[in-house]
Structure formats: C-alpha cells, structure tokens
**Q** 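So that we are looking at the same thing, I have put the structure below in structure tokens.
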Number of protein chains: 2
Amino acid sequence: MTTAAPTGSSRDLPHPHRGEIRLEAVLHALSDPLRLQVVRELAADGGELSCSHFDLPVTKSTTTHHFRVLREAGVIRQIYRGTAKMNGLRRDDLDDLFPGLLDSVLAAAARQAARLGNR
Amino acid sequence: MTTAAPTGSSRDLPHPHRGEIRLEAVLHALSDPLRLQVVRELAADGGELSCSHFDLPVTKSTTTHHFRVLREAGVIRQIYRGTAKMNGLRRDDLDDLFPGLLDSVLAAAARQAARLGNR
DNA sequence: CAACTCGTACGATAGACATCGTAGTACGGG
DNA sequence: CCCGTACTACGATGTCTATCGTACGAGTTG
C-alpha cells in the first residue's frame, strides 16, 4: 500500500521557514482555547495525529481554519498521508527559536486545567 | 482618612483577582507587538512606569486601550498616582500561576528582537 | 468506475479588535 | 480659581477572526 515511498503525496502545504516564525504569531495562535487544546494533545502524543483524531466542538470547516492558523504561525507541521492530514508539533524549530517557551506554555496550560477542574 | 494609605487616590481600577487570570487572555495580551513591547520595558525597568513614559506610535486613545487590555488580562497592575497612572508587571501573580512563562516569553522576545535587528 | 472518507475552498455573517478624533474628568500648581 | 497635564469615555470605522453551510477535490477501496 502506497509502496514504500515517503507518501509521495503531491499536495504540499505552505509552511513558514524557521526564520520566518514570529513570536507574536505563535502567541496569538496559542491564545485560542481550541488551538491550545490541540497543541496540548499533540505535545502529549509526541507524534503525528490526524485532523479527524480531534473531537472539537466545531464544524469541520472551522477545524480546518484553526489548523491552518497553527500551521501558518509555525506551531505545527502538516503533511498529507493518503486521505488523512497528519499534524505534528514543530518542537525542534520552536525550541531553537524560543528555548523553553513551548514547555512553559504547556506547563501553564496543564496547571490551569488542573486548577480549573480538568475534565 | 486613609491614614498611611499609599497615595490615597480615590480612583480605583478593576483588576482580575489572581485566581481569575486566564492563560489564553495573557497570551492574547502578549500577542500584540505594541503590548509586548510595553511588557518588555516594564520587565526591564522592574518598577512602575507612567503611561506617558512610553512613546508608542499610536494616539493616546489607542495607548489607553492597550494598557487596559494588559490590565484586564492580569498582566499589569495600574494605579493612579496623582495625575499620572503608574504601570507595573504582575510578576508575583504570573510567576505563581504560570511559573517560568513570563521569563520564557521575555527571553523569546529579546531573542527575536536581536535576531531581527533590534534598534 | 462508484462510493466513501477526509479535508478544502468559498461565501456569508456576526462579533471582536486596533485605530482614530473629540470631548470630558481628575489632579496639581501657579 | 483657573489652567495645564494626564488620562478616559464615547462613537466611528475598517479590518480581522471564529463560525457555519454547501459544494468540491484528492485518495482508498469495493
């Protein structure tokens, strides 16, 4: 299935180059509750998750929109793998540009979730 | 008589209680370039600065707006001192709620400023 | 090929936000 | 007591954003 090629998908998605990632855009991307939740799950998983894995309380159109915001801000990397689109955190790039930032935000999110009664 | 009250000012500004500060609101407040710049200057100073100390490329109305966003997000504390309004970072509260977050953001901002040619 | 799944594109809409200008309020000093 | 300084309040405006619905495109599989 799909031979052994690296998912020779022809559909490519535009990602900002590492040097183009702006702190303000990253913070803005993370300031939305749904997007922050997505990032938390991606971080917890550590690997790649398909868009459909997330059960967000919005329509698919809106989900697409949020994933694009995350991708264009440089927070996640998206690649097509067959019919699914896989999402992964750009940990390497973010840690290189802003050391400790992602971990602090994730820790803060976890802390707040615990404080407010995580469910 | 406010006896030994600190600057017995009668004008009080509404601040969120420590437990009401939301991570998303903080991130959103910091995602604006002007507000991030203000926070950086406040952090660098360490103390309190008046609104008029900042030379932002916007009108005073807009400046007022940005300071209110920062205050309502719980990032800064504002108090009237005579005719001036002094602004200070809520380091204690932020560090307690989200340890390391503020420092990471400040470090990231400094890093990006250096990378993009700070002037 | 046809059907199905996954996700996109586009258009619409309501709300939020950054910005301004003008008019007004609070304080302190001459 | 009047004026200047510092900041606010309000209204207007253009832009951005989150959301939806419907129609479509790309892959996989029967």
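A quick note: this is a predicted structure, and the numbers were derived from the prediction, not measured. Proteins get letters first, then strands, A, B, ... in listed order; numbering begins at 1 in each.
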**Q** Would you please name every residue forming a ring pair (Phe, Tyr, Trp, His ring centres under 6.0 Å) with A/F67, sequence neighbours left out?
**A** A/F54

**Q** Could you state the CE-C1' distance from A/M86 to D/dA26, rounded to the nearest angstrom?
**A** 17 Å

**Q** Considering only C/dT19, D/dA18, D/dC7, which nucleotide approaches the side chain of B/L34 most closely?
**A** C/dT19

**Q** Do B/T59 and B/T62 have side-chain atoms, one donor and one acceptor, less than 3.5 Å apart?
**A** yes

**Q** For D/dA6 and B/H53 - does any side-chain N or O of the residue sit under 4.0 Å from the phosphate oxygens OP1/OP2?
**A** no

**Q** Base, sugar-phosphate, or nothing: which does A/S52 touch, judged by heavy atoms less than 4.0 Å apart?
**A** sugar-phosphate

**Q** Whole-Å distance between C/dG7 P and A/F54 CZ?
**A** 10 Å

**Q** Considering only side-chain heavy atoms of B/K60, which listed nucleotide, C/dC20, D/dA18, D/dA6, is closest?
**A** D/dA6

**Q** Tell me the interatomic distance from A/R68, atom CZ, to C/dC10, atom C1', rounded to whole angstroms.
**A** 10 Å

**Q** Nearest-Å distance, NE2 (B/H65) to P (D/dA9)?
**A** 13 Å

**Q** NA contact type, B/H28, heavy-atom cut-off 4.0 Å: base, sugar-phosphate, or nothing?
**A** sugar-phosphate

**Q** What is the distance from CG of A/L70 to C1' of D/dT17, rounded to the nearest Å?
**A** 14 Å

**Q** What residue among A/D95, A/L97, A/V75 forms side chain to side chain contact (heavy atoms under 4.5 Å, CB included) with A/L102?
**A** A/D95

**Q** Does the pair A/R77 and A/E48 meet the rule for a side-chain contact (heavy atoms from CB on, under 4.5 Å), with working shown?
**A** CA-CA 9 Å; A/R77 194 176 284 115; A/E48 293 180 329; over 6 Å; no

**Q** Without decimals, in angstroms, what is the distance between B/F67 CZ and D/dA9 P?
**A** 15 Å

**Q** Does A/T83 put a side-chain nitrogen or oxygen below 4.0 Å from OP1 or OP2 of D/dA26?
**A** no

**Q** Can you check the A/Q78 CD to C/dC6 P distance for me, whole Å?
**A** 16 Å

**Q** 5'-most contact on DNA chain D: B/T64 or A/S61, nearest heavy atom basis?
**A** B/T64

**Q** Go through the steps to decide whether A/D32 and A/H66 satisfy the test side-chain contact (heavy atoms from CB on, under 4.5 Å), and finish with yes or no.
**A** CA-CA 9 Å; A/D32 182 278; A/H66 284 304; 3.8 Å; yes

**Q** What is the distance from CD of B/E24 to P of D/dA18, rounded to the nearest Å?
**A** 13 Å

**Q** Counting just side-chain N and O atoms, does A/R81 come under 4.0 Å of either OP1 or OP2 of C/dC6?
**A** no

